[in-house]
Each structure stands twice: as structure tokens, then as C-alpha cells.
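Here is the naming used below: chain letters follow the sequence lines, and residue numbers restart at 1 for every chain. Not measured: the values here are computed from a predicted model. Only this structure's heavy atoms are used, side chains among them; waters, hydrogens and symmetry mates stay out.
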2 protein chains.
Amino acid sequence: MAQTARPEYRYGNRPTMKDVAARAGVGLKTVSRVVNGEPGVTPDTERRVQEAIEALGFRRNDSARVLRKGRTASIGLVLEDLADPFYGPLSRAVEEVARAHGALLINGSSAEDPDREQELVLALCARRVDGLVVIPAGDDHRYLEPELKAGVATVFVDRPAGRIDADVVLSDNFGGARDGVAHLIAHGHRRIGFIGDKARIHTAAERLRGYRAAMTEAGLPVHDSWVALGSTAPDRVRSAAEALLSGPEPVTAIFAGNNRVTVTVVRVLADLERPVALVGFDDFELADLLRPAVTVIAQDAAQLGRTAAERLFHRLDGAPGMTQRIELTTRLVPRGSGELPPVN
Amino acid sequence: MAQTARPEYRYGNRPTMKDVAARAGVGLKTVSRVVNGEPGVTPDTERRVQEAIEALGFRRNDSARVLRKGRTASIGLVLEDLADPFYGPLSRAVEEVARAHGALLINGSSAEDPDREQELVLALCARRVDGLVVIPAGDDHRYLEPELKAGVATVFVDRPAGRIDADVVLSDNFGGARDGVAHLIAHGHRRIGFIGDKARIHTAAERLRGYRAAMTEAGLPVHDSWVALGSTAPDRVRSAAEALLSGPEPVTAIFAGNNRVTVTVVRVLADLERPVALVGFDDFELADLLRPAVTVIAQDAAQLGRTAAERLFHRLDGAPGMTQRIELTTRLVPRGSGELPPVN
DNA sequence: ACCGAGAGTGACAACGTTGTCTAGGCTCTA
DNA sequence: TAGAGCCTAGACAACGTTGTCACTCTCGGT
């Protein structure tokens with residue numbers, strides 16, 4: 001009935017505290033008190049207000065509240081790809097911590113694109129999120145300086161921030177990769193290939209460094225042709241793996257730089273006669289059910305997310321001082337594929 | 001230096017348009033015009049404003065903007081568990097559509113708890129999200145009525161809404177399960193077990209119905225002991241599977257009601273001498289690499305999310321009319337485990 | 001009967017932005 | 001040269017909430 005020609009895109013003319021106050025025959029502020037459970041309202045008044053709220057279907061407008069109070073009780077999470085199984089547990093862990101602190105989670109994927117990361121981060125800052133958890137795609141985060149100065153708490157996860165000083169939570173990528181490669185060496189391998197992500201990605205670079213360190217410590221050479229960096233797209237990885245296995249000095253084992261690489265390598269090896277050893281960075285579901293089961297360097301994605309989120313809220317609760325670099329250890333999980341002996 | 005005793009938890013006293021205006025020596029509204037790219041500002045004025053913005057590190061406060069404009073350019077996504085691999089591609093698809101429409105995504109997990117779902121949904125409504133995509137955990141959504149009336153567009157995915165009329169996007173759970181079980185029957189099986197999720201979950205109920213339909217159509221009986229519903233927790237599923245396989249009338253094939261069940265059943269079967277056929281609802285990564293590779297009824301999670309999000313924005317763009325029920329077909333992917341012959 | 005204390009309540013400004021309206025300066029035409 | 005018309009720019013109110021403050025009323029003590 002009061003349906004005018006077209007409400008011209010307002011959110012449906014929701015009732016406000018003013019409407020509730022009018023209906024209950026009380027002042028605006030009294031409604032506010034009831035809604036927020038503040039003291040100083042008689043039971044009778046409270047009841048009248050509650051009835052009016054019920055009758056009108058009133059719901060407090062948190063946008064206005066945020067404007068007035070200055071805090072949004074929400075944090076932003078920027079990650080690389082929501083669909084990547086590695087990030088599922090991580091974002092779930094961040095969400096749980098946020099929930100425990102009464103905050104909502106706003107998130108988005110950067111798709112590994114630095115510009116898109118920046119766009120997303122700034123959009124979140126414009127929403128005035130209280131804090132940010134960022135898995136960086138880019139390597140220059142100076143654009144965040146005004147935000148940091150303005151008090152937006154920020155914690156980087158999985159990869160460090162570039163060119164700014166900020167808290168960061170990492171896995172021990174270097175040590176994990178070194179352990180994994182050393183494991184292969186201990187099982188007799190001398191020619192070991194490495195397939196990893198783009199070199200500009202911190203985790204990829206660290207893992208490569210770990211690979212080289214293990215080889216060097218064992219006094220083994222590293223042929224250029226044994227190292228393949230670049231995309232983790234299946235076809236790229238597939239051809240890289242095939243090249244490693246067919247050159248003049250074919251490798252007898254492969255260290256895979258992350259879960260997506262590992263999976264593709266498993267597919268390549270499955271078509272092969274000759275057994276080739278494999279250790280992958282990142283655990284993944286069903287790794288134990290494959291034949292051979294896949295030996296991995298496991299990092300705890302949930303722990304990574306939980307630690308970062310807790311650090312963030314610690315900051316929001318006023319923790320002062322130096323930025324921290326927290327590094328979580330990794331764990332070698334031997335399952336079979338990493339214990340195969342070398343076969344030429 | 002201007003660091004007062006304690007800024008008492010305001011977000012760091014960020015510069016406002018007023019500050020920018022003062023610094024640039026222009027009026028407040030002129031700054032607003034520049035920030036929003038509105039016409040009617042001379043290049044010279046615009047430059048002065050831009051410089052002031054740069055110098056102060058100004059960033060528009062979207063909370064205030066939202067309050068004034070009435071739309072938040074954000075949508076809420078409530079799902080069951082971010083860490084479940086089924087929901088990764090789904091939420092990623094929703095995010096991409098949101099992004100294409102210039103909206104941010106706020107999300108949370110209900111953890112399959114109806115109360116938590118309601119809490120989350122209402123929190124999102126208080127934020128005045130423009131719309132909601134909900135994978136419901138509960139079966140009574142009347143609490144959403146005031147919101148719907150107020151114009152919050154809502155689309156349910158994967159499972160229908162309870163006791164309210166709303167758009168919904170589903171997979172053909174009934175047909176998919178029927179096809180899968182018929183496939184087993186076509187390969188000679190007569191005693192087929194079903195392991196599924198809690199019966200109150202719509203998808204689980206529909207898939208069970210499909211199972212029964214296929215059996216009935218083939219003139220086969222269904223023993224009570226062949227049907228196990230309840231939790232998808234690995235130990236529950238494990239003992240259910242063991243019971244199916246060891247009773248007086250042991251089954252020769254199992255239909256698994258979702259991806260988590262399938263994975264656990266695969267583990268149980270791996271320890272077994274006797275080959276048991278298996279078809280699972282939901283595809284999952286590496287299903288093709290297991291031995292035998294796992295035959296599944298695949299539903300397209302990304303397509304589910306994309307369809308729902310597009311329907312949502314269609315509504316937000318003013319699409320009137322009846323609520324829709326969109327049902328996406330499933331696809332049988334034979335890989336080996338579903339084609340095993342019965343062995344007693 | 002008077003005063004002070006305290007509890008309940010509401011008027012009002014403020015948060016930072018945008019929409020509306022109006023003022024002033026300019027160009028163009030008659 | 002006056003008037004119409006356009007372009008730029010700013011003053012002001014409004015969005016819905018919360019913090020501050022002041023008012024009224026009741027009650028107890030003297």
C-alpha cells in the first residue's frame with residue numbers, strides 16, 4: 001500500500017530506532033539502550049521496546065554504528081585462491097579466531113595478481129576493517145604505509161611483506177625443502193630434479209634454496225636442467241617433468257615445490273615404467289592412498305592461519321612493539337614414494 | 001609527535017574529506033566530487049585536491065558512504081565449512097561474480113549448526129549486505145522473513161530453504177544417485193549398500209531417495225542393514241562400511257553419499273582382499289589416480305556457485321517475480337571402481 | 001517540610017559521506 | 001551592455017547510530 005512508484009533502491013526502508021521509539025512511545029536513546037543491553041531501563045519500558053522491535057522487524061544498522069564507534073568488528077583476509085585446497089583450512093582457522101573475537105571475515109582472492117591484491121586490500125581498508133591477514137601476491141607493499149600508520153593491524157602469512165615492516169607468519173620453507181631433499185639423498189639418489197613455482201614467489205625461492213643447500217651439503221652438483229621454475233599449470237609441470245626424466249642425465253628422483261606440482265608429477269609418474277622417487281612440499285588429502293603413497297613435507301595450514309589471526313587480534317588489543325617473524329616448523333611424512341631407491 | 005597519550009581506539013584518526021578540503025583550500029563537496037570522479041571540477045582544482053589526498057594518505061570511508069547511499073556493494077556467503085574442498089570452488093565462483101559486479105564478499109561457516117547459521121545471517125543483515133547466498137544448515141528460515149521483506153535478496157544453494165519462499169539452486173541429487181545406483185545394478189550387483197549424511201540434510205535425503213528408487217525400479221529389495229545414515233565422521237563411516245560388508249547378507253557394492261564418505265570408504269576397501277564396487281556422490285581431486293580409480297556422480301560446484309550468484313545479482317538489478325528453483329544435472333564419471341563385477 | 005542522591009529518560013551533537021540547492025563568475029547572444 | 005545560460009564551487013541537511021549531558025521524579029534522611 002505504501003508501496004510508492006519505486007523506492008529507488010534504498011534497502012527497502014527498514015525501520016530505524018526512531019520508528020521503534022515512536023511505536024513504543026519512548027525516546028530514541030532508550031531504544032538504543034535496550035538494543036545494546038545497557039543498564040538503566042525499567043523492565044516495563046524494556047518490554048514495550050522489545051515488542052515494538054519484534055513488531056517492526058527492526059535490526060540495528062551496523063553501518064551507522066560503525067561510523068559512530070569507529071571500529072567495524074571485521075577483519076579482511078586476502079588470499080591467493082579460495083579454491084586451492086591449501087587455503088581452505090587456513091581461512092577456516094582465521095575465521096574461527098575472528099569469530100571468537102566477535103569479528104566477521106571479509107575475504108577475496110588475489111588470483112596471484114599483485115594489482116588485484118592491492119585493489120582488494122585498499123577496498124578492505126576503505127571498509128575500515130580493523131585488521132588484515134594477507135597472503136601476498138606482490139612483493140612491494142609500500143602502498144600499505146598510510147594504512148599501517150592509520151592503525152590498520154596487518155599480518156602477512158605464508159609469504160613475507162615486501163619493502164615494509166610488518167608481522168609475518170611463515171613455514172620453514174627452506175628447512176622443509178632441505179630435509180625433503182636430504183631424505184632422497186639418504187636413500188641413495190644423486191640426480192634429483194626440482195619443479196617449483198615462479199621464482200619471484202617467496203616460498204618457491206626458499207624451497208629452491210633448501211634444495212640447493214641439501215645438494216651442496218651432500219657434495220652433489222646441480223645441473224641447470226634439473227631445476228624447473230615457472231607456472232604450476234598442469235601442462236607446464238607435465239612437460240617440465242618429462243624433460244627432467246628424459247635428458248642426457250635423467251633424474252632418479254623429483255622434489256615437487258608445492259601441492260599442485262606434486263599432483264601433476266604423480267600423474268606423470270603413473271604413466272611411467274621405471275620407478276622414480278618423489279617428495280612433495282605440502283601434504284594433501286589421499287596422499288596416503290596413492291600407490292606408492294606420496295612422501296611429503298607437511299606444513300600445517302590451519303596452524304598458520306590460527307597463528308596469524310591470533311597475532312592480529314593481539315595487535316588489535318593493543319600489543320605494542322616490534323614486528324614479529326614467526327616461523328613454523330614442517331614435518332617430513334614418509335609414505336613410500338620418497339623411499340624408493342634410485343633406478344637408472 | 002602529535003601522538004597523544006592514547007588515541008583511545010579510534011582507527012588512528014584517519015584524515016577525512018574535511019581535512020583534505022582544508023589542505024587543498026577547497027570546499028568539502030569538491031573533494032567528494034574528485035574522489036568519486038564526478039564532473040564539474042576544473043583540472044587545476046582537481047590537481048590540488050589530488051595532491052592533498054596523496055599527502056595526507058586519505059582513503060574514503062566506505063562506512064559513511066554506505067550509511068548515506070543505502071547500498072553496501074557487498075554480499076554475504078554462508079556455507080557449511082570453508083575447509084571442505086567441495087565449497088572451495090563454489091565460494092570462489094561466487095566471489096568472481098561478486099567481483100564482476102563490484103561487490104565484496106563477506107563470508108562465514110555455519111559448521112552445520114542451524115543456530116550458528118542464523119546468527120551469521122543476521123549479523124550479515126545488520127551489516128546491510130545487499131544480498132545473501134546461503135547454503136543452509138537449518139530447515140526453518142522464517143527468521144529471514146523481515147529481511148526478505150526489507151529487500152535483502154537471498155538465494156539458497158545446494159539445499160532448499162525451509163518454510164519460506166526463496167530462490168534456490170540445486171544439483172539433481174535424486175537423479176544423480178539413482179543413476180549411480182542403476183550403474184551398479186547394470187554391472188550385476190544385487191546387494192548394494194548406501195552410506196550417507198544425516199537424514200535431515202536435504203541432499204542426503206534426496207540421494208537416499210534416489211538409491212531406493214533405483215533399487216525399486218530394478219525390482220531389488222533394500223535391507224534395513226544396507227542403509228547407514230548419520231555422521232560423515234571417518235570413524236562412524238568406517239564402522240558403517242565394515243558392518244555392510246560383514247553382515248549375513250554382505251553387500252557387493254557401496255554407494256557413498258558424499259565426498260567425505262567416499263574417501264573413508266576407499267580407505268576401508270583398500271584394506272580388503274575381496275573387490276567391492278564403489279560409486280561416490282561428488283567428484284574429488286585424485287579420484288582418477290586411485291587404484292581402482294573411483295567412479296563418481298560429479299556435480300559442478302563452481303557452476304552451482306556461479307548460477308546462484310548470478311541469480312542474486314539479477315534480483316538486485318530489480319528482477320521481479322516468482323522465486324525460481326534451478327536444478328543442475330549431474331554427470332556419471334566411470335573410472336573403474338563402479339564397473340567392478342560383484343564378488344561374494 | 002526541605003535537601004541530596006540516584007535512577008530513569010530523552011534532547012542533542014557528532015561520526016564522514018553524498019544529494020540538493022544556491023551563489024558567483026564566466027561566455028554568448030541580442 | 002544587459003540578460004540568459006552555463007559552469008564551477010560551496011553551504012547545508014540528511015543517513016542511523018551512540019556519547020554526553022541535563023532534566024524529572026522518587027526516596028530517604030534530617
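- Of the listed nucleotides (dT18(C), dG19(D), dT17(D)), dG19(D) has the atom at the smallest distance from the side chain of Lys29(A).
- Which of dT18(D), dG10(D), dT18(C) sits closest to the side chain of Thr30(B) comes down to dG10(D).
- The side chain of Arg68(A) sits closest to dG16(D) out of dG16(C), dG16(D), dG19(C).
- The shortest distance between the side-chain N/O atoms of Thr45(A) and the OP1/OP2 oxygens of dT9(C) is below 4.0 Å.
- One can place CD of Glu46(A) at 13 Å from C1' of dG8(C), the figure rounded to the nearest angstrom.
- Comparing dT17(C), dT9(C), dG10(D) by their nearest atom to the side chain of Met17(B) picks out dT17(C).
- Mapped onto DNA chain C by nearest heavy atom, Pro39(A) and Ala64(A) fall at different nucleotides, with Pro39(A) at the one closer to the 5' end.
- Closest to the side chain of Lys69(B), from the set dT17(D), dG19(C), dA9(D), is dG19(C).
- The side chain of Arg65(B) lies closest to dT17(C), out of dT18(D), dT17(C), dG16(D).
- A side-chain contact (heavy atoms from CB on, under 4.5 Å) with Phe156(A) is found for one member of Thr323(A), Ile164(A), Val78(A) and no other, namely Ile164(A).
- Of the candidates dT17(D), dG16(C), dT20(C), the closest approach to any side-chain atom of Asn61(B) belongs to dG16(C).
- Shortest non-hydrogen contact noted between Ser110(B) and Leu120(B) is N-CD2, 4.3 Å.
- In the model, Arg127(B) has no side-chain atom that pairs as donor or acceptor with a side-chain atom of Asn61(A) under 3.5 Å.
- Closest to the side chain of Leu67(B), out of dT17(C), dG10(C), dG16(D), is dG16(D).
- Considering only the side chain of Val26(B), dG10(D) comes nearest among dG16(C), dT18(D), dG10(D).
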